[in-house]
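Read through the structure below, which is laid out as C-alpha cells, and then see the notes.
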Number of protein chains: 2
Amino acid sequence: MRVTIADVARLAGVSKATVSRVLNGRPDVERATQARIEEIMAETGYVPSSRAVDLARGRTRTVGVLAPTLRTPWMPELLQGVADVVEPSGYGLLLHSAAGGGPALERFAASVRGHAVDGVLAVDPGAALDHLRDLHQQGLPVVVVDTGGKRAPLPSVGADYTDGGRRAAELLLAAGRLRLAMITGPAEDPAGAACAGGFADLLTGTGAVLRASHVTEADGTEQGGFDAVQRLLRARLFFDGLFVHGDPMAAGALRALQEAGRQVPGEVAVVGFGDVPPAAYTVPPLTTVRVPWEEMGAAAARALIDRLHGKHADDDPEIFETSLVSRGSTPPVGRIPGQRNRRVARSTELPAF
Amino acid sequence: MRVTIADVARLAGVSKATVSRVLNGRPDVERATQARIEEIMAETGYVPSSRAVDLARGRTRTVGVLAPTLRTPWMPELLQGVADVVEPSGYGLLLHSAAGGGPALERFAASVRGHAVDGVLAVDPGAALDHLRDLHQQGLPVVVVDTGGKRAPLPSVGADYTDGGRRAAELLLAAGRLRLAMITGPAEDPAGAACAGGFADLLTGTGAVLRASHVTEADGTEQGGFDAVQRLLRARLFFDGLFVHGDPMAAGALRALQEAGRQVPGEVAVVGFGDVPPAAYTVPPLTTVRVPWEEMGAAAARALIDRLHGKHADDDPEIFETSLVSRGSTPPVGRIPGQRNRRVARSTELPAF
DNA sequence: AGCGGTCTTGACATCGCTGCCTCGCGGCCG
DNA sequence: CGGCCGCGAGGCAGCGATGTCAAGACCGCT
C-alpha cells in the first residue's frame with residue numbers, strides 16, 4: 001500500500017483525524033480545509049485501505065453468501081438478485097460454495113467466526129441450518145433463502161410451493177384435463193411435498209383424478225423425467241395432463257412423450273415447476289410454475305442489509321407467490337375458472353439469458 | 001469480537017507473540033507451551049480476527065472475481081470451476097457483478113484499490129480491460145477468462161474457438177451434409193468471428209458449400225435463433241446442415257425447424273456451440289461444440305493463485321480445446337474422416353444439473 | 001570458567017484508520 | 001469585560017493481529 005492517511009495529513013498540514021473526518025464526510029471540517037485535503041487526496045490518488053478501515057470499525061461491509069452449489073439452474077438468477085441489492089448498498093459479496101461438503105463448511109464457519117463477514121445469506125443450507133441458527137442466536141445477522149418450502153427457524157425468504165401446485169392443477173383443469181399424472185422429485189425434498197399437496201388439494205371435488213399409480217418419483221434430472229414417463233407409458237397408464245415438479249425433469253418428460261409419439265399439448269398437457277432457463281428451450285416450450293428466484297434473492301439481501309443497519313424487521317418468513325408461465329406445452333387457456341378466479345398470463349417472454 | 005489473542009496469552013501466561021507462533025504453526029515453541037495454548041484456545045473458542053490478520057499481514061487471502069453478469073448460461077459452470085480451486089486454497093471469493101455498468105465498475109475499482117483483494121480474476125472484462133491492464137502493470141495479479149476469443153494483453157485463459165468451428169464443420173461433413181447454413185451471434189462478438197472462420201475454413205476444398213446468403217446474424221437469444229431460421233426458410237433457401245453459434249439460438253432454430261415441419265436431424269442436421277445446460281433439454285437434444293467452461297474457470301483460478309504465491313508462470317494465454325458433444329440433432333457418425341482423424345464421442349451424458 | 005550457538009520467549013513497534021477527549025479561539029450574552 | 005458556547009482541529013489510544021530483535025536459559029566444548 002502506497003499512500004496512507006498519514007501521508008495525506010502531512011501533505012495537507014493537518015492531522016490524520018481531520019483527514020479521516022473528510023473521508024467520512026463529517027460536517028465539522030472547515031470548507032477550505034476540506035477542499036485542500038480533497039485536492040491532496042486526488043493528486044496522490046489516495047484510497048483508504050479497506051483492511052485498516054475494517055479493523056478500526058469492527059466490520060467488513062461484506063456479506064457472506066452460502067450456496068450449496070452454483071449449478072442449480074435457478075441459482076444464477078437468485079444470486080443476481082442478491083448481487084443487485086448487496087453491491088449498490090456498498091457491501092461486498094463473499095461467495096462460499098458448500099459443494100465440497102465438510103471441509104467447505106468448515107471454511108465457511110471459520111470465515112464467519114473470524115468476522116470476515118458482517119452477515120450471512122444462506123441458500124438452502126440443509127445440514128448447515130443448525131450451525132446458522134447458533135450464529136443467529138449469537139447475534140449474527142442471518143437470512144436464509146428457503147427453496148425447499150420448509151420453514152427455517154430463522155429470518156427467511158421462501159415461496160409458496162403449495163400454491164404453486166394449486167396453480168398447476170388449476171391450469172390443467174382449465175384445459176379440461178381430467179386424468180392426471182405427476183412426477184415428483186426426490187422424496188426428501190420438502191418443496192416437492194408441499195407442491196404435490198397443493199396439486200392434489202385443488203383436485204378434490206373436481207372431476208379430475210390423480211391416482212397413486214399415476215404418481216412416480218424421479219431424481220430431478222432430465223434423464224430421470226424421461227425414465228419416469230417411460231415407466232408410466234410402459235405401465236399402459238392413461239393420462240392427458242402431467243405435472244412435473246422440476247423443469248429439468250419436465251424437459252425429459254417432453255422428450256419421452258415425443259419419442260412415444262404422444263402429442264404435446266394435444267394428447268398430454270405438461271406443466272413444469274421452477275421456470276429455469278432451460279424451460280424456454282424445450283419443444284414445445286414448457287408451461288411452468290414460475291418461482292421468482294431473482295426477487296427472492298433480492299428480498300433476502302434486503303432483509304439482511306436491513307438487519308445490518310439495525311432495522312430489526314420481524315422474523316416472519318417472507319413468502320413469495322408463484323405464478324404460471326403459459327407456453328406451448330399446455331393448450332391456450334384464456335382464463336382460469338374457479339373460486340380463485342385467477343388470470344393466466346400467456347407469455348412468450350424468455351427468461352433473461 | 002469476544003476473545004482476542006491477548007486474552008489467550010494472559011490465560012496461558014505467555015505473550016501474544018507466542019500465541020501467534022502457535023497460531024501460525026511455527027516450530028520454535030516448546031511442546032508443552034504449545035499444548036497449553038492450544039488447550040486455552042479450544043476452551044475459549046478463540047478464533048483469530050481475520051480483519052486484524054489481514055491488516056497485519058498486508059493481504060486479505062481473498063480474490064476478486066469480476067463477472068459481467070451471472071445470467072450468461074455458462075457462467076455458473078465457470079464460477080463453480082473457480083470456486084472449486086479458490087476455496088480449497090484457503091482464499092475467499094469476492095464476487096463483483098459488473099452488470100450495473102459504470103457504478104458497479106467503480107465499486108470494483110474502489111475495492112481493488114483499497115486492497116480488499118489480493119488478486120483479480122475477470123471474466124469477459126470488455127470495457128474494463130484497460131483498467132485491468134493498468135492494475136496488472138501496477139503489479140496486481142490479474143488473470144482474465146476470455147470467452148470472446150480475443151487475446152487480452154494479460155495472463156489469460158481462453159478456448160480455441162476457431163477449432164470449435166472446424167469441429168462443427170467436420171461433423172456436418174461426416175454426416176454428408178453439403179449445403180450448409182450458419183447463424184452467427186452479434187457481429188461484435190469476436191468468438192463468433194473466430195468460430196465462423198474455422199467453420200468456413202474447413203469447408204474449403206470439400207464438396208460442401210456455405211453461401212453468404214445462407215449466413216445470417218441473430219442476437220444470441222432463443223427467439224433470435226427462431227427468427228433467423230424463419231428468415232432462411234422464407235427466403236426458400238435450401239440447407240441440410242446448420243451451424244448455430246450459441247446454444248440458446250440453436251434451441252430457437254430447432255423450434256423453428258420443427259414448426260416448419262423439417263425433420264431434425266433427417267432433413268437438417270443442427271450443431272450448436274457452447275454446451276450450456278439448456279442444450280441437453282431440447283428435442284432432439286442438441287449436438288454442440290463443447291467449451292470446457294468449468295475447466296477454464298479452474299485453470300484461471302489456478303493461474304491466479306500461482307501468481308499470488310509468487311510462482312510467476314509465463315504470461316502466455318492458456319487455450320483450451322473444444323470438443324464435440326454429439327446428441328440427437330445430428331445423425332450418428334462413428335468416426336470423422338479427414339486429416340485430423342478425430343473421434344467423436346457419442347454422449348448421452350447430461351451436464352451436471 | 002568462558003564462549004559461541006541453539007532454543008524459547010517476551011517486549012515493542014507496526015499495519016492504517018477511527019473515535020474520544022481536549023484545547024484554542026472567536027462570538028455572544030449579561 | 002468576563003464567562004459560556006460551539007466550531008474546527010489535534011493528540012492519542014485503541015482495533016487485534018504480525019514480526020523483529022534481543023534477552024535469558026541451557027548446551028557442549030575448549
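Since we're looking at a predicted model, the values are computed, not measured. Proteins get letters first, then strands, A, B, ... in listed order; numbering begins at 1 in each.
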Could you please name the option among D:dG10, C:dG16, D:dA17 that lies closest to any side-chain atom of A:Thr18?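 Taking heavy atoms from C-beta onward, the closest nucleotide is D:dG10.
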So which nucleotide from C:dC15, D:dG10, D:dC15 ends up closest to the side chain of A:Leu55?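 When the side chain of A:Leu55 is considered, D:dC15 is the closest of C:dC15, D:dG10, D:dC15.
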Could you tell me how far apart [X] ([atom1]) and [N] ([atom2]) are, to the nearest whole angstrom?
X	N	atom1	atom2	answer
A:Arg59	C:dT18	CZ	C1'	11 Å
A:Asp7	C:dC17	CG	C1'	13 Å
B:Arg51	C:dT18	CZ	C1'	13 Å
A:Arg61	C:dC17	CZ	C1'	11 Å
A:Arg10	C:dC17	CZ	C1'	16 Å
B:Ile5	D:dG14	CD1	P	18 Å

What residue pairs, at least two apart or across chains, pass salt bridge (charged side-chain N to carboxylate O under 4.0 Å, His left out) with a residue in residues 4-17 of chain B?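 The answer is B:Asp7-B:Arg10.
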Salt bridge (charged side-chain N to carboxylate O under 4.0 Å, His left out) partners of residues 22-34 of chain B, not counting sequence neighbours, each pair once: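 Found none.
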Parallel, tilted or perpendicular for B:His309 and B:Tyr91, by the 30°/60° rule?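 Rings of B:His309 and B:Tyr91: tilted, as their planes differ by 30° to 60°.
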What does B:Val14 touch in the nucleic acid at a heavy-atom separation under 4.0 angstrom: a base, only the sugar-phosphate, or nothing?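 Sugar-phosphate: the residue B:Val14, judged by heavy atoms under 4.0 Å, touches backbone atoms but no base.
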Is there a donor-acceptor pair under 3.5 Å between the side chain of B:Arg36 and the backbone N or O of B:Ala12?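 Yes, because the side chain of B:Arg36 sits within donor-acceptor range (under 3.5 Å) of the backbone of B:Ala12.
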Can you find a side chain N or O atom of A:Ser49 that sits less than 4.0 Å from OP1 or OP2 on C:dG16?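 Looking at the OP1 and OP2 atoms of C:dG16, neither is under 4.0 Å from any side-chain N or O of A:Ser49.
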Tell me which residues in residues 28-36 of chain A lie within less than 4.0 Å of DNA chain D, going by non-hydrogen atoms.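 Only A:Asp28, A:Val29, A:Glu30, A:Thr33 qualify.
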Side chain to side chain donor-acceptor pair (under 3.5 Å) contacts touching residues 131-141 of chain A (sequence neighbours left out):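 Checked against side chain to side chain donor-acceptor pair (under 3.5 Å) - neighbours excluded - the pairs reaching residues 131-141 of chain A are A:Asp130-A:Arg133.
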Output, in order, the C-alpha distance, side-chain angles, deciding distance and verdict of side chain to side chain contact (heavy atoms under 4.5 Å, CB included) for B:Val63 and B:Val117. CA-CA 5 Å; B:Val63 308; B:Val117 297; 5.7 Å; no
Is the closest basic N to carboxylate O distance between B:Asp54 and B:Arg61 below 4.0 Å?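 The answer is yes: the pair qualifies as a salt bridge.
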Start with the C-alpha gap between B:Leu70 and B:Leu79, add the side-chain angles, then the distance that decides, and say whether side chain to side chain contact (heavy atoms under 4.5 Å, CB included) holds. CA-CA 9 Å; B:Leu70 303 177; B:Leu79 266 187; 4.0 Å; yes
Which pairs, protein N/O on one side and nucleotides 19-28 of chain D N/O on the other, fall under 3.5 Å?
none

Results of salt bridge (charged side-chain N to carboxylate O under 4.0 Å, His left out) for B:Glu294 - residues two or more places apart only: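 In terms of salt bridge (charged side-chain N to carboxylate O under 4.0 Å, His left out), with neighbours along the sequence ignored, B:Glu294 is linked to A:Arg71.
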